[in-house]
Structures are given as structure tokens and as C-alpha cells.
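Note: hydrogens, waters and symmetry copies are ignored here, and every other heavy atom, side chains too, is used. We name chains A, B, ... by the order of the sequence lines, and we start the count at 1 in each one.
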2 protein chains.
Amino acid sequence: MKEKNTEAKILEAAKAVFIEKGKDGAKMQAIADKAKINKALLHYYFRSKDKLFNVVIEETMFHFLPKVEETFLSDDNFFDKIRKVVSDYISLLSENPFIPAFMLHEINRNPDGLFNVMMKSGIRIDLIFTTIQKELQNNTINIVSPQHFFINLLSLCIFPIAARPLMQRAMFFNDQKAYDDFIEERKTQTAEFILKAIKVS
Amino acid sequence: MKEKNTEAKILEAAKAVFIEKGKDGAKMQAIADKAKINKALLHYYFRSKDKLFNVVIEETMFHFLPKVEETFLSDDNFFDKIRKVVSDYISLLSENPFIPAFMLHEINRNPDGLFNVMMKSGIRIDLIFTTIQKELQNNTINIVSPQHFFINLLSLCIFPIAARPLMQRAMFFNDQKAYDDFIEERKTQTAEFILKAIKVS
DNA sequence: AATCGGTTTAACCATTTGGTTAATTAATTC
DNA sequence: GAATTAATTAACCAAATGGTTAAACCGATT
């Protein structure tokens, strides 16, 4: 039989189920169903739920972590970098709307495990801070610290996607398109909000 | 026996366990152990896991939702209101560090259920928007819309607590006190960041 | 076509888990 | 203080769930 790559089919299904339901809420049977295979095949390929989940976590981190660093280390104008990183990151997350809440849940469920994976990803958060620090010394921006600035940026990009299901209901009468438009606006407005807050006056 | 109020003891334990582990990760036995009672007593008082969880959700929402509205509807100067709501909300959340990620997870797990509870809480988000809108018409602030402004404010308060376990490791070498200080700074700096971003220039 | 290795499945197993029952103990009422 | 009601527990149950096993299947090799 072997119509396609079974392992890839399983991983795709596992990602979808784990990210939507969380590790505890996800059932191996549900993953098998989604991949249209027998449950025993899951264990044939990945041994255990823990092992499978770890692979999902690693692939997810490798997929979503580097984007920020990448843009920050380019040699664009600093303000344009902010515009780009905000827009790109909001785009990426809004196409994967369960990722933010999933990751935040996992951050609290197993912080050490996540942090180890993050280290393995080779991301260099200190390089981002250095870039910001340099800009700070050039007197083009006015911020308290690179850490505050960076967290502010992440907050404004990630939270509106993580909280979407409630915010869409509470602010837009559960109008899907209204929130889509809202997110679309945020791709530019969030950067302008940040820039106004940090520009030297 | 009946040393204290058993029902309250159970609820306290249930809150702690549910909020730390999430609905799926929480086990009834763990709640019983934490409350130091027999598992059957849980069902004697609350019938089922679902029922118990609903009570926890309701109490949690009633505890954490109204604070924002309260401050916003006071008749302080608008800028002082922002300073106060930001400081108070960051304080409240940092004393209950699992709440943000728990709520965000729940928002995605069961948005309709959560929204219904929110409605029952009597919170009037539209009144907050009206307050902001009025300020907008008085030309004292420069924002895109009350919705953007409100989400920005929530993002900057909530995300840094929700992501703390990872951020503390990634940014401060897992130094507890360093992150405590960081949060303490945010109580004032976040408001100033927002104010700079919205003040008419 | 017989065989051999990797792949897939149906059936099964052991543990965990939410929930129940029947009996015991503590309070309350008469 | 006996009778009645409420609170609490140990033991048990059934379903769900992660994981295993042995057999079947399939494609390639000889």
C-alpha cells in the first residue's frame, strides 16, 4: 500500500491534534484517526505519546522561533525591521491560530523541556538584545531596556491571536471577518504603535 | 469531624490543580489529595469533574474580569486610569501567575463556554469602549480604534506573565528575582509606553 | 514461486481515571 | 439518648486510554 510517506502523515496529524487539544487533551486514537491509520502504527513509528509529542514540539519551535531573530539581524533600518518583524510574525501566527495558546500552555506545563528545545534550536536571543542596545546607544530610540522592548513587541503580536476566540466574541459579536480585518490592520498599526512609543521626542 | 468548610476546602484545591494543570491535565484524585479528603467526597459535593470545573471557571472569571472595567469606569483623569489599571492588573496577575496561560488555553479549548460565563459576569466591555471613544473625540489621544487600544493594553499586561517561565529562562538565566524586578518595573513602564504611543503630538 | 524484511492491522492487555455503592462515622433532632 | 439525617470513607466498577502482540500483507530479491 504505502500511498505516501506514512511517517509524515502521522506527524502532520499529530501536530494538528496536539496543537489544538494540548498534550493532555490529545488522544492517540484521535491522531490515528486523523492520519487514517491504525493506532498501533503510531507506536511502530514513534514508540510512545511522549516521544511523538517531543517531535511535535521540536518541529513547532524550529518553525516559529527563528522568524523573529532572522528579521532582527538583517541590516535594514531599525524602524523598518520593526515594521517587518511585526507584520511577518502576525501573518505567520494568524495562519496558525492555535499555536500561541498552545505554546503558552506548554511554557507553563513543562518550562524546562521547552527551554531545552529552544536551546537546541540555536536561537540567539542575546544577538537581538545587542541589536536593540546598539540602537539605544545611537539615541534613535527611547526605551527602558531591550528586554522590556522585546517583550512589548512579542506581547502585541502574540496575545491578540492567542485570545482571539474570546475577543472575537466579546468585541465583534463573533464576526469572523471582522476579526480577520482587525488582525490585518494590526500588521501595520502595531508597528506604528510601537514606533510612536519608542521614538525620541 | 468537619474541621472547616469542606466545600471551600475542595474548591480551593480544585482551583489550584485545574489552574496549574488545565482541565485535561487535572486529575480528580490529585484534587482530593490536595484537599486531604476522599475522592468520593468530591462527587458528593460537586457531582462530576465537569460541574466542578465549571464552578472553578466561574469563580475565576468573577475574580479576574471586573478589575479592568472597574478602573476604566472611575472618573479619574484618563491617563491616570491607564496608569492605575495597568499597575493593578499586573499586580493581580503576578500574584496568580498560572491564571493567564490557563485562561488563554481555556479560551481556545472551549470559547463558547467561556464566553457564556463572561456574559453572566455582567461585564460591560462596551462601556469601556465608550469611555475610550469619548477620550478619542476630545482629541487628547491618538489611536486607531478603541478595540486596538484595549487589546494593546491587555496584551502588554497579560503576555509577560503568561510567558514568564520561558522568558525568565531565556532573558534572565532563570533568575527568579530578576524577573520579579522586571515585572515590578513593568507596573509603571508599561503605562508610560502606552501613553507615549497614544498621546497627541 | 518461495522467501524475507519492512509495514499494517485486529485483537488484546494493563493501568488510569471518573464515577458509584454500601457501609461507617459524626451531627442533629426529637 | 434513641432515631434520623448529613458527612465521610473504603471498596468497587466501567469506560477510556496508552501500549503490546501476533498475525497478515506487500513489495522486493533470489
Side-chain angles (χ1 to χ4, degrees), chain A residues 1-60 98 102 105-106 108-110 113-114 117, chain B residues 1-60 98 102 105-106 108-110 113-114 117:
Chain A
M1 220 166 271
K2 198 183 188 196
E3 4 187 298
K4 279 194 184 176
N5 186 350
T6 305
E7 188 171 330
K9 242 173 38 180
I10 293 177
L11 250 178
E12 191 185 353
K15 268 185 204 168
V17 174
F18 273 130
I19 288 168
E20 189 185 333
K21 307 275 186 180
K23 191 194 175 191
D24 295 316
K27 306 295 171 234
M28 294 298 267
Q29 189 61 58
I31 295 171
D33 291 347
K34 185 148 219 162
K36 287 184 203 144
I37 49 133
N38 186 289
K39 182 164 64 91
L41 253 199
L42 292 184
H43 293 92
Y44 177 77
Y45 278 96
F46 292 95
R47 299 269 304 274
S48 71
K49 188 182 184 182
D50 276 327
K51 294 257 172 53
L52 177 54
F53 183 72
N54 285 341
V55 176
V56 169
I57 281 284
E58 285 184 21
E59 296 219 348
T60 302
F98 285 115
F102 168 72
H105 181 58
E106 191 60 17
N108 284 270
R109 200 190 64 83
N110 180 20
L114 244 186
V117 175
Chain B
M1 223 169 274
K2 196 181 188 195
E3 6 186 298
K4 281 196 179 173
N5 187 350
T6 304
E7 188 170 330
K9 241 172 37 179
I10 292 177
L11 250 178
E12 192 185 352
K15 268 186 203 167
V17 174
F18 274 131
I19 288 169
E20 189 186 333
K21 306 274 186 180
K23 192 194 175 192
D24 296 316
K27 307 292 174 240
M28 295 297 269
Q29 189 60 57
I31 295 172
D33 291 348
K34 184 147 218 160
K36 286 182 205 146
I37 51 138
N38 186 290
K39 183 164 63 93
L41 253 198
L42 291 185
H43 293 90
Y44 178 76
Y45 278 96
F46 292 96
R47 298 268 305 275
S48 71
K49 187 182 183 181
D50 276 328
K51 295 256 170 56
L52 177 55
F53 183 72
N54 286 341
V55 176
V56 169
I57 280 285
E58 285 183 20
E59 296 219 349
T60 303
F98 286 115
F102 168 73
H105 181 60
E106 192 59 17
N108 285 267
R109 201 191 63 84
N110 180 19
L114 243 185
V117 175

Please give, in whole Å, the distance from [N] [atom2] to [X] [atom1]?
| X | N | atom1 | atom2 | result |
| --- | --- | --- | --- | --- |
| A:Lys36 | C:dT8 | NZ | C1' | 17 Å |
| A:Met28 | C:dT16 | CE | C1' | 16 Å |
| B:Tyr44 | D:dA6 | OH | P | 7 Å |
| A:Lys51 | D:dG18 | NZ | C1' | 13 Å |
| A:Asp50 | D:dG19 | CG | P | 7 Å |
| A:Ile10 | C:dT7 | CD1 | P | 11 Å |
| B:Phe46 | D:dA7 | CZ | C1' | 14 Å |
| B:Phe53 | C:dG19 | CZ | P | 13 Å |

Considering only side-chain heavy atoms of [X], which listed nucleotide, [options], is closest?
| X | options | value |
| --- | --- | --- |
| A:Ala40 | C:dG6, D:dG19, D:dT21 | D:dT21 |
| B:Lys49 | C:dG19, D:dG18, C:dT20 | C:dG19 |
| A:Thr6 | D:dG19, C:dT8, C:dG19 | C:dT8 |
| A:His43 | D:dT20, C:dG19, C:dT9 | D:dT20 |
| A:Ile37 | C:dT9, D:dG19, C:dG18 | C:dT9 |
| B:Leu41 | D:dT8, D:dG18, C:dT20 | D:dT8 |

| message | Using a strict threshold of under 4.0 Å (side-chain N to carboxylate O), is an ion pair present between A:Lys15 and A:Glu12? | response | no

| With a 4.0 Å cut-off on heavy atoms, is A:Ala26 in touch with a base, just the backbone sugar-phosphate, or nothing at all? | sugar-phosphate

| So does B:Tyr45 get a side-chain nitrogen or oxygen closer than 4.0 Å to the phosphate oxygens (OP1/OP2) of D:dT8? | yes

| B:Lys27 (side chain) and C:dG18 (base): donor-acceptor pair under 3.5 Å |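 Answer no: no donor N or O sits under 3.5 Å from an acceptor.
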
| task | Taking A:Lys21 for its side chain and A:Ala16 for its backbone only, find out whether a donor-acceptor pair lies under 3.5 Å. | result | no

| request: Please work out which of the three classes, parallel, tilted or perpendicular, describes the rings of B:His105 and A:His105, given edges at 30° and 60°. | output: parallel

| task | Would you please say whether a donor-acceptor pair under 3.5 Å links the side chains of B:Glu58 and B:Asn54? | result |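 B:Glu58 vs B:Asn54: no donor-acceptor pair found between side chains.
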
| task | Check the pair A:His43, A:Met28 against side chain to side chain contact (heavy atoms under 4.5 Å, CB included), reporting the backbone distance first and the verdict last. | result | CA-CA 9 Å; A:His43 293 92; A:Met28 294 298 267; 3.8 Å; yes

